[in-house]
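For reference, the structure is listed below as structure tokens.
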There are 2 protein chains.
Amino acid sequence: MNSDDEISPPGEGKRERKRRETLARITDVGLRLFLQRGYDATTLDEIAAEAGISRRTFFHYFKSKDEILLSLQSDMGLRIVRALEDEPADKPPLEAIRDAVLEVCNTIPADEMLAIDRLMRASPVVQARKLASYVEHEATLYAALRRKWPGEQRQLALRLVSMMSIGALRLSTDAYHREDGARPFGDLLREAFAALGGEANP
Amino acid sequence: MNSDDEISPPGEGKRERKRRETLARITDVGLRLFLQRGYDATTLDEIAAEAGISRRTFFHYFKSKDEILLSLQSDMGLRIVRALEDEPADKPPLEAIRDAVLEVCNTIPADEMLAIDRLMRASPVVQARKLASYVEHEATLYAALRRKWPGEQRQLALRLVSMMSIGALRLSTDAYHREDGARPFGDLLREAFAALGGEANP
DNA sequence: CCTGATTGTTGCACTCAGTGCAATTATCAA
DNA sequence: TTGATAATTGCACTGAGTGCAACAATCAGG
């Protein structure tokens with residue numbers, strides 16, 4: 001059994017546990033340092049040192065520096081899709097997605113959200129990869145939609161829905177940043193969905 | 001006057017001309033080497049040497065290696081908007097954009113288009129920045145649309161149009177790559193626009 | 001508990017992208 | 001011709017990312 005008194009998921013060996021812990025430690029430390037000193041000013045040496053690993057080992061956990069931030073982003077995508085699956089199947093797709101996004105975003109502190117967003121805008125490469133990950137989210141979302149509403153005849157309707165949903169997410173995130181978090185993110189998101197949904201079904 | 005017998009735009013000094021020429025030389029050489037040896041395998045030293053400049057000077061023309069490829073991408077955006085301005089104002093927006101994109105794409109050899117696309121997929125960062133540039137195109141397109149159809153009451157309709165147009169461009173580029181250029185790009189683009197347009201105005 | 005296989009960690013040396021600085025050279029406007 | 005402005009370059013430096021080979025931790029089975 002576990003020689004240390006650590007709580008860990010059943011059937012998880014020491015190897016897997018250590019790996020999971022180290023991974024979490026890297027992202028935590030990384031995010032903290034990025035927020036403290038800025039993305040560019042933080043070196044991998046610092047992150048590695050603070051996380052208690054060697055610089056070389058870092059690359060066994062992440063392919064590159066920006067993947068620390070990107071992992072947060074792709075987490076979001078997965079969580080949204082998972083929340084979507086819990087939505088009732090008789091809700092209109094656009095509303096179901098909107099509510100799934102709302103639910104996930106409610107679990108993230110507003111100030112942290114803004115801070116991370118600002119962080120990502122600081123580096124062109126990170127910003128680009130963030131936008132690119134939206135495109136991946138679109139594909140993931142489309143796949144989830146087809147799973148949830150397989151009866152839908154025209155697949156393109158769902159394509160359009162996923163494009164619009166991710167578009168709405170993009171627009172509201174943008175607006176949230178532009179007005180510096182003045183209004184709650186949920187309101188902006190609802191507005192964006194309402195506007196796009198209204199346009200699409202006049 | 002021009003001491004060399006070079007044809008150059010009127011009112012263009014020697015400085016501007018040399019700069020323009022060097023810029024063109026870098027992109028040409030860069031693209032050629034990338035296609036020959038691959039993106040990662042081509043170093044800036046090689047590009048600079050082949051273009052007859054020093055490595056250091058390269059950075060006075062491009063901020064980074066990937067901007068060589070990105071400049072091609074942003075050129076596309078500008079050319080599409082310019083072509084859009086020549087379209088008759090009484091054509092429905094979606095059709096006008098479709099035709100503008102078609103016109104611009106007709107000027108690019110199909111094989112070169114495929115090759116560049118493959119090139120960009122080879123590097124995650126370049127690919128990401130390409131996708132990110134789609135987002136910029138969307139903004140540029142939206143601005144152009146508002147200029148062309150200022151009468152339109154609901155600006156969100158135009159937002160949606162630009163989102164869908166760039167979406168269609170993305171989808172068809174993707175399909176073109178997936179089927180390795182089997183069908184002409186124009187056909188794919190027309191299909192995508194038709195499908196999305198059909199969905200939006202049932 | 002021991003053992004051999006597997007997997008994780010590390011240091012080292014290396015390549016290459018990108019930057020800051022300061023010296024030199026080319027172009028310009030007058 | 002000259003003084004200002006902008007382009008080019010070399011040099012030295014930082015930091016990301018990789019390949020390799022040695023070493024340590026974990027595991028599964030006897």
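In the text below, chain A, chain B and the rest are named by the order of the sequence lines, each starting its count at 1.
Summarising the geometry, the separation between CZ on B:Arg19 and C1' on C:dA26 is reported as 14 Å, rounded to the nearest angstrom. Protein atom CD of A:Glu67 is 15 Å distant from nucleotide atom P of D:dA16, rounded to whole Å. Taking atom NZ on A:Lys63 and atom P on D:dG19, their separation rounds to 13 Å, with Å as the unit. The separation between A:Arg55 atom CZ and D:dT14 atom C1' is 11 Å, rounded to whole Å. In this structure, the CZ atom of B:Arg17 is 15 Å from the P atom of C:dA26, given to the nearest Å. One atom, CG of A:Asp45, and another, C1' of C:dG11, lie 13 Å apart when rounded to the nearest Å.
When each of B:His60 and B:Arg15 is assigned the nucleotide of DNA chain D with its nearest heavy atom, B:Arg15 is the one assigned upstream, toward the 5' end.
For B:Thr57, a side-chain nitrogen or oxygen approaches OP1 or OP2 of D:dT9 to under 4.0 Å.
Ranking C:dT27, D:dG17, C:dT10 by closeness to the A:Arg56 side chain, first place goes to C:dT10. Taking only side-chain atoms of A:Leu44, from C-beta outward, the nucleotide of C:dG20, D:dA16, D:dA7 with the closest atom is D:dA16. Ranking D:dT9, D:dC27, C:dG8 by closeness to the B:Ser54 side chain, first place goes to D:dT9. Candidate nucleotides C:dG20, C:dG18, C:dT10 were compared by shortest atom distance to the side chain of A:Ile53, and C:dT10 ranks first.
Here B:Arg17 pairs with B:Glu21 in a salt bridge; the nearest charged N to carboxylate O distance falls below 4.0 Å. With respect to the salt-bridge test (charged N to carboxylate O, under 4.0 angstrom), the residues B:Arg79 and B:Asp75 do not qualify. A salt bridge is defined here as a Lys NZ or Arg NE, NH1 or NH2 lying under 4.0 Å from an Asp or Glu carboxylate O, and A:Lys148 with A:Glu87 fails to meet this definition.
Here A:Tyr61 lies in heavy-atom contact (under 4.0 Å) with sugar-phosphate atoms only.
Checked by atom type and distance alone, the side chain of A:Arg37 never pairs as donor or acceptor with a backbone atom of A:Thr42 at under 3.5 Å.
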